[in-house]
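For the numbers below, each heavy atom of this structure counts, side chains included, while hydrogens, waters and symmetry mates do not. Below, chains carry the letters A, B, ... as their sequence lines are ordered, and counting in each starts from 1.
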Protein chains: 2
Amino acid sequence: MKKEELLKKIGEQIRVIRIKKGLTQKQLAHLIGKDQQSIQRLEAGNINPSYIYLCEIADGLNVSLLDILNSLPA
Amino acid sequence: MKKEELLKKIGEQIRVIRIKKGLTQKQLAHLIGKDQQSIQRLEAGNINPSYIYLCEIADGLNVSLLDILNSLPA
DNA sequence: GGTCAATACAACGTATCCGTTGTGCGATAT
DNA sequence: ATATCGCACAACGGATACGTTGTATTGACC
């Protein structure tokens, strides 16, 4: 699969979970010591986040990284 | 969990799977267009790999990223 | 002894991440 | 009209990933 597609898919999935949890981008960002723009770029698929970054996001969403990857659209 | 621990754990897990598949660092590297040193640093936990990098590694190992994360020691 | 394979560490350069600031735009509310 | 909220995009800068080269160590094999 193409790199851009992979990034868009995981970004969209993170957005879905964030909204399901009732959080705004800013709220999620502040939970993990980042700012809203960071979350925006991630969800838009504009960056290639590091493993640690993904772990932090999962932590802020109160799910495991497995939960995020598990529900990725094929 | 500490950042260094997370990186060491995933590095060790990648090494375990690579060896189970009977590959050397160099062979795995060349399968995905990288070189031996990159794999060495990853397995040693010396870098914080990107999502795409992890996807490439999983691809080279012929497993899914979920398979790698699933078997991480708690 | 010599050679080769496998792994490890260090250093350099380019590319990229990611934190941050600034700006804009639509929707809602007062 | 103005303020506020949620989200988007661009640019700058410091930090770091990662490709690459070079080198060291260990062990197997001749």
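Protein atom CD of Glu56(B) is 11 Å distant from nucleotide atom C1' of dC18(D), rounded to whole Å. Straight-line distance from the CG atom of Asn48(A) to the P atom of dT16(D): 17 Å, rounded to whole Å.
Considering only side-chain N and O atoms, Ser50(B) lies under 4.0 angstrom from the phosphate OP1 or OP2 of dC18(D).
Applying the 6.0 Å contact sphere to CG of Asn62(B) captures no more than 12 heavy atoms from other residues, nucleotides or ligands.
Each of Lys3(A) and Gly33(A) has a nearest nucleotide on DNA chain C; the 5'-most of these lies closest to Lys3(A).
Side-chain atoms of Arg41(B) never come within 3.5 Å of backbone atoms of Asn46(B) as a donor-acceptor pair (strictly under, hydrogens ignored). Not one N or O on the side chain of Asn48(B) forms a donor-acceptor pair closer than 3.5 Å with the backbone of Ser50(A).
Inter-residue side-chain proximity for Leu65(B) and Tyr51(B) is flagged as met; some heavy-atom pair is nearer than 4.5 Å. Under the 4.5 Å side-chain criterion, counting only non-hydrogen atoms from C-beta, Ile57(A) is in contact with Ile39(A). Side-chain contact check for Leu54(A) versus Ile68(A): every heavy-atom pair is 4.5 Å or farther apart.
Tested against Gln25(B) for a side chain to side chain donor-acceptor pair (under 3.5 Å), the candidates Gln37(B), His30(B), Lys34(B), Gln36(B) yield a single pass: Gln36(B).
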*Would you mind building the protein contact string for nucleotides 2-12 of chain D? One character per nucleotide, 5' to 3', B for base within reach (heavy atoms under 4.0 Å), S for sugar-phosphate only, - for untouched.*
----SBBB-B-
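Counting 5' to 3', DNA chain C first comes under 4.0 angstrom of a heavy atom of chain A and last does so at the ends given by dC17(C) to dG22(C).
Here the CG atom belonging to Asp59(B) is positioned 10.0 Å from the CG atom belonging to Leu28(B), to the nearest 0.5 angstrom.
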